[in-house]
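Because only heavy atoms are used, hydrogens play no part in the values below, and waters and symmetry mates are left out as well, while side chains stay in. What you see is a predicted model, and the numbers here were worked out from it, not measured in a lab.
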Amino acid sequence: MREEINIQLILKGCLQGNRNSQRKLYEHFYGYAMSVCLRFSKNKNEAAEVLNDAFVKVFKHLDRYDPAYPFQAWLRQILVNAAIDY
């Protein structure tokens, strides 16, 4: 539960435009996000490009995230959509 509280604090910082919070969010979910992107990509470089495109969308549209649902599920949907768009 403590980890979830930390994620919510990081998300709050991201909503305020805090670059350090954005970095922490990116680093925290990088491994998970890369594993999702690799399933839809031809190679690691392509997966990294999809991942970075997805995180741009995450930071741009973070105000649309509903905290009543798990952030990881919301992130996964953005990753999958970014892979399809790619």
Side-chain angles (χ1 to χ4, degrees):
M1 188 66 179
R2 181 177 167 91
E3 181 176 321
E4 185 64 29
I5 292 170
N6 288 338
I7 295 299
Q8 293 304 320
L9 289 174
I10 290 171
L11 292 174
K12 185 177 178 181
C14 290
L15 283 168
Q16 296 170 351
N18 183 308
R19 297 279 185 197
N20 191 37
S21 293
Q22 291 174 343
R23 181 185 52 78
K24 286 180 182 179
L25 187 71
Y26 182 89
E27 289 174 353
H28 182 78
F29 286 103
Y30 178 84
Y32 170 76
M34 182 58 85
S35 70
V36 172
C37 291
L38 282 169
R39 292 182 193 139
F40 294 93
S41 303
K42 296 176 186 174
N43 56 51
K44 193 170 183 173
N45 289 335
E46 188 176 288
E49 192 170 331
V50 170
L51 181 141
N52 288 329
D53 289 345
F55 266 100
V56 168
K57 291 177 184 180
V58 166
F59 294 132
K60 186 175 180 181
H61 301 291
L62 192 56
D63 58 326
R64 295 181 185 176
Y65 167 63
D66 182 359
Y69 300 98
F71 177 77
Q72 189 167 329
W74 187 75
L75 173 63
R76 186 181 198 305
Q77 188 62 51
I78 292 174
L79 292 164
V80 170
N81 289 340
I84 291 170
D85 290 347
Y86 185 81

Quiz item: Same cluster or not: are V56 and L75 linked, directly or through other Ile, Leu, Val, Met, Phe, Trp or Tyr residues, by side-chain heavy atoms under 4.5 angstrom apart?
Solution: no
So do the side chains of [X] and [Y] get within less than 4.5 Å of each other, counting heavy atoms only?
| X | Y | result |
| --- | --- | --- |
| L51 | Y26 | yes |
| K12 | Q8 | no |
| W74 | Y69 | no |

Practice problem: Output all residues satisfying side chain to side chain donor-acceptor pair (under 3.5 Å) with R23, sequence neighbours left out; order by chain, then residue number. | Solution: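 Side chain to side chain donor-acceptor pair (under 3.5 Å) check on R23 returns N20, E27.
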Quiz prompt | Rounded distance (nearest 0.5 Å) linking atom CD1 of I78 with atom CG of L62 | solution = 8.5 Å
Self-check item: Rounded distance [0.5 Å steps], CG in L79 versus CZ in F40
Solution: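 The CG atom of L79 sits 9.0 Å away from the CZ atom of F40.
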Heavy-atom closest pair, residues [X] and [Y]:
| X | Y | result |
| --- | --- | --- |
| Y65 | F71 | OH-N, 3.2 Å |
| S21 | G13 | OG-CA, 3.5 Å |
| E46 | K42 | OE2-N, 3.2 Å |
| L38 | N43 | CD2-O, 4.2 Å |
| K24 | I10 | CB-CD1, 4.1 Å |
| C14 | F59 | SG-CE2, 4.0 Å |

Quiz item: What do the steps show when you test F29 against V36 for side chain to side chain contact (heavy atoms under 4.5 Å, CB included), and what is the final call?
Solution: CA-CA 11 Å; F29 286 103; V36 172; over 6 Å; no
Quiz item: Counting only heavy atoms not in K57, do more than 12 fall under 6.0 Å of its NZ?
Solution: yes
Quiz item: Which ILVMFWY residues can you reach from V50 by hopping between side chains whose heavy atoms are under 4.5 Å apart?
Solution: Y86
